[in-house]
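Here the structure is a predicted model, which means the values were calculated and not measured.
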Number of protein chains: 2
Amino acid sequence: MALKLDKVNRGPHLSTLVASSISREIAQGRLKPGDQLPTEQQLATTFGVSRNVVREAIARLRSEGRIWSQQGRGAFVADQPNATVLTIDYEALQQANAFQSLFELRGILEVEGAALAAGRRTDSDLSAMRDALTTMQAAPYGSVMWLKTDLEFHKTVAAATGNPYMVQFLTFVSERVRESILASGNQQRSEDLAAVTLGEHQRILDAIEARQADEARDAMRQHLHGAASRVGLAEEQSE
Amino acid sequence: MALKLDKVNRGPHLSTLVASSISREIAQGRLKPGDQLPTEQQLATTFGVSRNVVREAIARLRSEGRIWSQQGRGAFVADQPNATVLTIDYEALQQANAFQSLFELRGILEVEGAALAAGRRTDSDLSAMRDALTTMQAAPYGSVMWLKTDLEFHKTVAAATGNPYMVQFLTFVSERVRESILASGNQQRSEDLAAVTLGEHQRILDAIEARQADEARDAMRQHLHGAASRVGLAEEQSE
DNA sequence: AAACCAGTGTTGTATGATAACCATGTAAGT
DNA sequence: ACTTACATGGTTATCATACAACACTGGTTT
């Protein structure tokens with residue numbers, strides 16, 4: 001059975017392909033809330049897979065709250081999607097403007113988070129941030145270890161806000177952003193950039209240590225601005 | 001009159017039970033990151049279900065990023081959970097400080113979103129916001145319709161940013177916040193409050209129409225401040 | 001010692017069958 | 001006329017089995 005779907009190589013599981021395909025139908029409005037999906041048998045034949053695979057895809061979509069199903073009736077598109085879960089489509093992020101939007105959202109959270117952190121940080125928060133910074137200094141610029149500790153530093157800043165959801169959301173968004181950066185692979189390597197980045201981090205740390213919210217906000221904003229250009233984001237937003 | 005019998009007697013699917021059971025094992029540390037899960041066959045026999053059901057449960061957990069599996073090797077507990085999906089525990093939100101944290105996060109997104117909207121809104125964005133405001137005027141304060149259009153207004157503001165993720169995140173967070181408010185049920189009813197709330201909305205709308213970002217930010221901040229007190233949030237944050 | 005190779009276990013997929021359930025129509029009973 | 005019971009077809013939920021693809025292991029050969 002040669003599957004002649006879109007050559008989406010993401011995830012070698014057929015159920016993943018089927019799930020994202022149905023999900024796309026919903027997102028693009030070809031399947032509206034309340035609509036009944038084709039029967040599992042029909043889906044199986046149209047996708048050229050077994051009914052079992054379709055069921056795994058359905059189970060996934062159901063757990064994401066996108067559809068609901070009832071025995072003897074069928075499967076239907078849920079009225080309010082994302083009822084309990086928030087997901088970000090990996091493939092959609094490959095488009096530049098989508099990535100830029102997510103980066104912007106991350107920026108808002110980071111910048112305001114830094115300001116909050118400046119007002120609330122404890123001494124243990126501070127030492128955690130320092131630790132992350134020193135380990136980042138040891139790692140070579142652009143390496144996996146470097147990126148990891150970079151994210152760790154930002155996470156410690158978020159943690160200093162004392163707002164657990166801030167940590168959760170920021171981690172989630174940053175993770176998606178990092179994935180896209182790694183996938184696109186346009187990461188310049190240079191020791192100069194390492195020093196610049198570390199300096200920006202240091203400035204954030206200093207501001208938070210001094211409990212200066214505005215300065216922290218500004219430092220974070222500048223850091224993200226620098227990070228955007230380093231990654232090759234146009235950033236032609238008017239202000 | 002048919003009374004509301006056990007509506008959920010219709011047991012959740014077996015795959016859901018299996019999935020949550022495995023999920024609990026992970027959450028409670030009996031299955032640590034990196035650990036290999038029992039084989040599908042073993043899980044099937046221990047749970048007393050078919051291997052097919054186990055596979056649907058696995059598919060679900062895999063989509064949630066909790067586990068990963070490889071053909072010929074087995075399934076393993078993922079190092080970092082919540083890789084692709086973001087969830088918010090409904091139970092945890094019942095605690096006041098958790099709710100307050102989520103409200104704070106929502107505030108950041110709303111306030112900065114309003115500022116962005118002021119810089120980017122189109123005329124159609126503006127008319128959508130006006131429509132939401134007029135329908136809200138017609139609904140009685142505190143009614144379901146009122147809450148719905150209230151959320152709709154905020155969604156139109158988010159849409160005016162042109163950032164789809166802003167809409168997605170804000171909708172998700174606001175939905176959780178609204179659920180908690182409805183559950184707690186401490187919603188005072190008063191015509192005065194309706195007028196006040198509508199006035200706040202109007203001010204936001206005017207600022208966005210005039211493309212004044214700072215004013216929009218301030219108006220939204222004040223609106224949320226008012227909404228917080230109306231819901232009975234202490235809000236003793238220092239600034 | 002390194003490369004090859006067969007065997008075994010596991011996941012991924014396909015296929016068929018059965019039970020539970022829903023919706024609808026029709027006949028029987030009141 | 002109205003309700004109840006039954007029959008029928010369609011759908012999901014679940015089970016069972018079989019095969020293909022892949023990973024790992026250990027022995028054999030080179």
Side-chain angles (χ1 to χ4, degrees), chain A residues 1-23 25-26 31 34-78, chain B residues 1-2 5-23 25-26 31 34-78:
Chain A
M1 311 301 126
L3 55 135
K4 37 190 72 82
L5 286 177
D6 335 14
K7 69 173 300 299
V8 194
N9 231 357
R10 157 114 174 109
H13 296 93
L14 288 181
S15 59
T16 307
L17 296 179
V18 173
S20 58
S21 185
I22 296 175
S23 191
E25 295 287 311
I26 297 176
L31 279 174
D35 281 0
Q36 182 167 8
L37 273 72
T39 69
E40 296 179 350
Q41 195 58 253
Q42 284 175 318
L43 286 174
T45 55
T46 58
F47 281 112
V49 299
S50 84
R51 191 176 150 233
N52 221 317
V53 170
V54 172
R55 279 196 60 77
E56 286 179 20
I58 299 259
R60 172 172 173 167
L61 294 175
R62 194 173 40 217
S63 85
E64 292 176 2
R66 290 188 148 88
I67 68 174
W68 60 276
S69 61
Q70 189 177 356
Q71 181 175 144
R73 294 230 299 159
F76 304 84
V77 179
Chain B
M1 266 322 103
L5 281 184
D6 37 2
K7 173 176 174 251
V8 216
N9 189 4
R10 191 85 198 84
H13 307 129
L14 287 181
S15 59
T16 307
L17 295 178
V18 173
S20 58
S21 183
I22 296 175
S23 192
E25 295 287 310
I26 296 176
L31 278 174
D35 282 0
Q36 181 167 10
L37 273 73
T39 69
E40 296 179 350
Q41 196 59 254
Q42 284 175 319
L43 287 173
T45 56
T46 58
F47 282 113
V49 298
S50 84
R51 194 183 147 219
N52 221 316
V53 170
V54 172
R55 278 196 60 78
E56 285 182 21
I58 299 258
R60 173 172 174 167
L61 293 175
R62 194 172 39 216
S63 85
E64 291 176 2
R66 292 190 149 88
I67 67 174
W68 60 275
S69 60
Q70 188 178 357
Q71 181 173 154
R73 293 231 299 160
F76 303 85
V77 180

Rounded distance (Å) that lies between atom [atom2] of [N] and atom [atom1] of [X]:
{"X": "Gln36(A)", "N": "dG10(D)", "atom1": "CD", "atom2": "P", "value": "14 Å"}
{"X": "Ile58(B)", "N": "dG12(C)", "atom1": "CD1", "atom2": "P", "value": "8 Å"}
{"X": "Gln71(B)", "N": "dC19(D)", "atom1": "CD", "atom2": "P", "value": "17 Å"}
{"X": "Leu61(B)", "N": "dT11(C)", "atom1": "CG", "atom2": "P", "value": "14 Å"}
{"X": "Glu56(B)", "N": "dT12(D)", "atom1": "CD", "atom2": "P", "value": "12 Å"}
{"X": "Ile67(A)", "N": "dT11(D)", "atom1": "CD1", "atom2": "P", "value": "16 Å"}
{"X": "Trp68(A)", "N": "dC21(C)", "atom1": "CH2", "atom2": "C1'", "value": "14 Å"}
{"X": "Glu40(A)", "N": "dA13(D)", "atom1": "CD", "atom2": "C1'", "value": "8 Å"}

Output the single nucleotide from [options] whose closest atom is nearest the side chain of [X].
{"X": "Arg55(B)", "options": "dA23(D), dT13(C), dT10(C)", "answer": "dT13(C)"}
{"X": "Arg62(B)", "options": "dG12(C), dA13(D), dT14(D)", "answer": "dG12(C)"}
{"X": "Arg51(B)", "options": "dT12(D), dT11(C), dC15(D)", "answer": "dT11(C)"}
{"X": "Asn52(B)", "options": "dT10(C), dA17(C), dA16(D)", "answer": "dA16(D)"}
{"X": "Leu14(B)", "options": "dT13(C), dT14(D), dG12(C)", "answer": "dT14(D)"}

> With sugar-phosphate meaning primed atoms plus P, OP1 and OP2, does Gln41(A) contact a base, only sugar-phosphate, or nothing at under 4.0 Å between heavy atoms?
Replying inline: nothing

> Side chain of Arg73(B), base of dG9(C): donor and acceptor closer than 3.5 Å?
Replying inline: no

>> Both Ser50(A) and Leu37(B) contact DNA chain C. Which one's nearest nucleotide lies toward the 5' end?
In response: Leu37(B)

With a 4.0 Å limit, can you tell me whether [X] has a side-chain N or O closer than that to the phosphate oxygens OP1/OP2 of [N]?
{"X": "Ser15(A)", "N": "dG12(C)", "value": "no"}
{"X": "Thr39(A)", "N": "dG10(D)", "value": "no"}
{"X": "Gln70(B)", "N": "dA23(D)", "value": "yes"}
{"X": "His13(B)", "N": "dT14(D)", "value": "no"}

>> Using 0.5 Å steps for rounding, measure from the CZ atom of Arg51(B) to the OG1 atom of Thr39(B).
In response: 8.5 Å

> In Å and rounded to the nearest 0.5 Å, what is the OG to CG distance from Ser21(A) to Leu43(A)?
Replying inline: 9.5 Å

> What is the minimum heavy-atom distance between Arg73(A) and Trp68(A), and which atoms define it?
Replying inline: NH2-CH2, 3.6 Å

> Does the pair Glu64(A)/Arg60(A) count as a salt bridge with the N-to-O cut at 4.0 Å?
Replying inline: yes

> Do the non-hydrogen side-chain atoms of Arg62(A) and His13(B) ever get within less than 4.5 Å of each other?
Replying inline: yes

